[in-house]
Amino acid sequence: MTAALLELQRLEVSYGGIRAVKGIDLTVADGEMVCLIGANGAGKTSALKAIAGLLPVARDSVRFAGEPIGGRPAFELVRRGLALVPEGRGVFSQLSVDENLAMGAYSRRDRAGVRADHERVLALFPRLKERHRQLAGTLSGGEQQMLAIGRALLSKPRLLLLDEPSMGLAPRVVARIFEVIGEIARQGVTVLVVEQNARLALETCNKGYVMESGLITLFGDARALLGNDAVRKAYLGE
Amino acid sequence: MMSVRKAWSVPYCACIGMALIALALAVLPFALASVGTTWVRITNLAILFILLSLGLNIVVGFAGLLDLGYIAFYAVGAYVYALLASPQFDIHLPFWAIIPLGALVACLFGVLLGAPTLKLRGDYLAIVTLGFGEIIRIFLNNLSAPVNITNGPQGISRIDPFRIGGFDFGRGETFFGLNFSGPIKYYYLLLLVLVAVIIVNIRLQHSRIGRAWEALREDEVAARAVGIDTTRMKLLAFAMGASFGGIAGGIFSAMQGFISPESFVLVESIMVLAMVVLGGMGNVWGVIVGALLLSFVPELLRHTVEPFQRWLFGRAIVEPEVVRMLLFGLALVLMMLLRPAGLLPSAVRRRELARRSNLP
């Protein structure tokens, strides 16, 4: 058994009395690529935000690299190697591509390393390289998504959390984004992606979790889930 | 390393330009004094307002937190000085001890205001800060009973001027055949403080902290996601802005020799905010221009409106004060129409506003 990098134990998230996540267990092993799929409002984004430290949760319900991190502030988690690509991208639209990437390295002090990673990200996304001086707000949706991912990579994460990377993008662009996510995983970054596009997510990842009204209803090998009747009916439209 | 080298490779002509400006600023008070000492005093107040605007610029321009009660920190600084250097309690501490203390107390008040308002944004934050400013003023107005601390609406008078050994900023003296009056001494002191504050402002803007504020202003969730401690950054903005206000307040207190709560009304907060907005939020030089304009133009109008009416109609029909405010309002409206990002906008702010107005 490989060591678990991220471990959720009975994770609960509430918004003033309404429980969005009702106690879920989830494990992401080092080097794995895991997706969390489900319909709108199932609680996927809440779970991801909770992991990233953007929502208050119980201390022991989230463990990262063996340590309880539940409820720790986001800025501390970034330093520990946990990076979130927020829903709707959230690039700094009035800053240039380069400035956005620099912002991603905010918590790092190793200048040489940052410069090397900056170049690596631009190599990974040739589109961004062409537009590195352009304002982020003037990029297309797909390019903004790439920038958001690149910015997250500049914090040198061990675990990359992606929230709906396909949101509002053309199918061809989505396919490209997932290709890159696969590439990032191959380079050794562990990935947890929340996605509504179940087919693409399951095809790209090793492991999948299915979430329904705040609970995990199914999980297992991604290929197996692709073949599962219930999943095919509910999420693959077959 | 690189930034150091860049700073030193300033072109030759820029150096000469700076030297000329420095020379002009050095002889300015004597030129003004020949017209009337009033103008030196007006200039001093204008510099104080530049200090205040630069302080508020940190909060509003850099961090994007709308603060409508900024004058409260000026008041705190002024009262700390007044209470510790006047016959009120018969304490007469030296100014170099009180000014830092005033900055510190103002800074604490800044955190006091910042902490409960961390989750508020925009209009809501503006309303709370407005209330805060009023609370401070009302406290100052009423802390005369049962124990008399602030002397209430009568204010505190006979406040000590700055003194270093035998050198007294309140008294005129003659050096090298030139008459250095009290206001002229303060002018040079203010100029020194101003240069220091400008340097701090510019350094801040291009520092890690400055970039964090920029991110915070743009998108708070994204800022947190890239690892910025947004809570600390907001408090830092409030605290730093407040301490600059506190320093300015202390100098004001000593310079005027008398303060009362009336100097710290809401209109003053709005005036400082108008200076920041008019000049160009986030741009240090813009803010300075804004503060200079809004300090001097009303004074110029005060001295020209009445004579102009007499010349035109033979008597004063409209009170100068009314005309002043009228023209002032008109100028602000025109500014907002013609240059919404300010006279000298910061690059990022200009892009933000241009983009917003282009939205469908």
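In what follows, chains are A, B, ... by sequence order, proteins preceding strands, each numbered from 1.
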Per-residue contact mode, S155(A) against chain B (heavy atom under 4.5 angstrom):
neither

To check you understand the geometry: which heavy-atom pair defines the closest contact between G90(A) and A222(B), and what is its length?
O-CB, 3.1 Å

More than 12 non-hydrogen atoms from neighbouring residues, nucleotides or ligands closer than 6.0 Å to CZ on F92(A), yes or no?
yes

Within a reach of under 6.0 Å around CG of L338(B), are more than 12 heavy atoms found that belong to other residues, nucleotides or ligands?
yes

Taking every heavy atom of M103(A) against every heavy atom of R211(B), the minimum-distance pair comes out as CE-O, 3.2 Å

Pairwise distance CG(D229(B)) to CZ(R79(A)) - rounded to 0.5 angstrom:
7.5 Å

Shortest non-hydrogen contact from V226(B) to V78(A)?
O-CG1, 3.9 Å

For E218(B), does its backbone N or O pair with a side-chain atom of Q94(A) as donor and acceptor, under 3.5 Å?
no

Taking atom CZ of R208(B) and atom CZ of R109(A), what is their separation to the nearest 0.5 Å?
4.0 Å

Heavy atoms of Y106(A) and M233(B) approach each other most closely as OH-CE, 3.4 Å

